[in-house]
Amino acid sequence: MFSVAIDGPSGAGKSSVSKAVAKAAGFVHVDTGALYRSLAYTAIKNNVEISDISAVDKMLSNLDVALKLDNGEQKVYVNGDDVTPYLRTEDVSMAASNISKIPSVRAFLLETQRRAARENNVIMDGRDIATVVLPDADVKVFLTASAEKRAERRYKELLAKNEEVEYNKILEDVIKRDKQDTERETAPLKPSEESVIVDTTSMTFEESVRAITDLIKERI
């Protein structure tokens, strides 16, 4: 199997770019952030305090989290329920950043991610794919962009959904999320030594997809 690991900060476009690259290459796209979001959503829904690690561990002991493909679209199921439609809110995003700092949470999801790569040719995106989840990936990319550009993209995305949002608040959240992700003790966000840095600040979406697609073609 051939694996591509794409890491990078929140809002860099990892999921959308990875999805497009996977479609072009005929690979399976695995959005690992959705797995962490599914746990965050479940904690919020069940009033589990994420700062209480024992409470989170108790929650994990009663969960079955699965990735499934539906007409090529990744969906996340928790105890048999499709939670995919509820994972993209700002509250869930911040909660996902917090819950992902817990070592037992990362260990809980590790095998689910690795199993997907053993069974498919994958484009897998997240925060620690090249460094922890798939250290032997055939292609490693660190996809990034300036905080301002990432906030702008998120702002436009939410406006398109008719949500009431403030750019400055989104930028503040992006910077806060970056700090949490890069400074956590367990699997902090950072490029691996083998990762190719792709800065999309000045790139169009199509240019970002092409840059990674070309890297894959070189390795194949």
### Query
Would the number of heavy atoms belonging to other residues, nucleotides or ligands and lying under 6.0 Å from NZ of K161 be above 12?
yes
#### Entry: Pairing of D181 and R127 as salt bridge, 4.0 angstrom limit
yes
#### Entry: Closest contact, heavy atoms only, S38 versus V78
CB-CG2, 3.9 Å
### Query
V21, M1: one ILVMFWY side-chain cluster at the under-4.5 Å cut-off?
no
### Message
Just verifying a value: how many Å separate D57 CG and F108 CZ, rounded to the nearest 0.5 Å?
### Response
10.5 Å
### Task
For the residue pair I99 and M59, establish whether any side-chain heavy-atom pair is separated by less than 4.5 Å.
yes
#### Entry: Closest non-hydrogen atom pair between T186 and R106, with its separation
CG2-CD, 3.5 Å
### Task
Please answer whether the main-chain N or O of D64 pairs with a side-chain N or O of N79 as donor and acceptor at a distance below 3.5 Å.
yes
### Query
Considering the options K149, K14, R153, which one meets the side chain to side chain donor-acceptor pair (under 3.5 Å) requirement together with T200?
R153
### Message
Which heavy atom of H29 sits nearest to which heavy atom of D125, and what is that distance?
### Response
NE2-OD2, 2.6 Å
### Query
Do the side chain of R37 and the main chain of L87 share a donor and acceptor less than 3.5 angstrom apart?
yes
#### Entry: Euclidean distance, L158 CG relative to N162 CG, rounded to 0.5 Å
11.0 Å
For residues 109-119, tabulate all N or O donor-acceptor pairs below 3.5 Å that involve a side-chain atom, not counting sequence neighbours.
{"unit_1": "E111", "atom_1": "OE2", "unit_2": "R118", "atom_2": "NH1", "d": "3.3"}
{"unit_1": "E111", "atom_1": "OE2", "unit_2": "R118", "atom_2": "NH2", "d": "2.4"}
{"unit_1": "Q113", "atom_1": "NE2", "unit_2": "L109", "atom_2": "O", "d": "3.0"}
{"unit_1": "R114", "atom_1": "NE", "unit_2": "V133", "atom_2": "O", "d": "3.0"}
{"unit_1": "R114", "atom_1": "NH2", "unit_2": "V132", "atom_2": "O", "d": "2.9"}

### Joint hydrophobic cluster, V17 plus V141, side-chain heavy atoms closer than 4.5 Å
yes
### Query
Could you give the distance from CD1 (I44) to OG1 (T89), rounded to the nearest 0.5 Å?
6.0 Å
### Message
Any heavy-atom pair between the side chains of V76 and L67 that's under 4.5 Å?
### Response
yes
### Query
Considering only heavy atoms from C-beta outward, does the side chain of I216 approach that of I123 to under 4.5 Å?
yes
#### Entry: Gap separating the CG atom of L60 from the CD1 atom of I102, nearest 0.5 angstrom
8.0 Å
### Message
D82 vs T84, test: side-chain hydrogen bond (donor to acceptor under 3.5 Å, both in side chains). Steps then yes/no.
### Response
CA-CA 6 Å; D82 179 10; T84 311; 2.6 Å; yes
### Between CG on residue D128 and CG on residue L134, distance to nearest 0.5 Å
9.5 Å
### Query
Quick one: do L189 and L39 end up in the same hydrophobic cluster if we chain Ile, Leu, Val, Met, Phe, Trp and Tyr together by side-chain heavy atoms under 4.5 Å apart?
no
### Query
Is there a donor-acceptor pair under 3.5 Å between the side chain of D138 and the backbone N or O of S3?
yes
### Task
Could you give me the CA-CA distance, side-chain angles and deciding distance for S100 and R184, then say whether side-chain hydrogen bond (donor to acceptor under 3.5 Å, both in side chains) is met?
CA-CA 9 Å; S100 68; R184 68 184 180 219; 3.3 Å; yes
### Nearest heavy atoms of A43 and I50, plus distance in Å
CB-CG1, 4.1 Å
### Message
As a quick check of understanding, evaluate side-chain contact (heavy atoms from CB on, under 4.5 Å) for V30 and I129, giving each step before the final call.
### Response
CA-CA 11 Å; V30 179; I129 309 306; over 6 Å; no
### Query
Do D173 and K169 meet the salt-bridge criterion of a basic N to acidic O distance under 4.0 Å?
yes
### Summary
residues 187-207 vs salt bridge (charged side-chain N to carboxylate O under 4.0 Å, His left out), sequence neighbours excluded, gives K140-E194
### Query
What heavy-atom pair brings A34 and Q74 nearest, and what distance separates the two atoms?
CB-NE2, 3.7 Å
### Task
Would you indicate whether the side-chain heavy atoms of T131 and S192 approach each other to under 4.5 Å?
yes
### Query
Quick one: does S97's side chain have a donor or acceptor within less than 3.5 Å of a partner on M94's backbone?
no
### Query
For Y167 and E148, which heavy atoms make the closest approach, and how far apart are they?
OH-O, 3.4 Å
### Query
Which value, rounded to the nearest 0.5 Å, describes the distance between R150 atom CZ and L171 atom CG?
9.0 Å
### Partners meeting side-chain contact (heavy atoms from CB on, under 4.5 Å) with A25 (sequence neighbours left out)
F27
### Query
Taking the six-membered ring for Trp, are Y86 and Y41 parallel (under 30°), tilted (30 to 60°) or perpendicular (over 60°)?
parallel
### In one Ile/Leu/Val/Met/Phe/Trp/Tyr side-chain cluster, 4.5 Å: I220, V28
no
### Query
Within a strict 4.5 Å, meaning less than it, do heavy atoms of the D52 and V56 side chains meet?
no
### Task
Check whether any side-chain N or O of D7 sits under 3.5 Å from a backbone N or O of A130 as a donor-acceptor pair, and report yes or no.
yes
### Query
For the hydrophobic clusters of this structure (ILVMFWY residues joined by side-chain heavy atoms under 4.5 Å, transitively), does one cluster hold both F142 and V198?
no
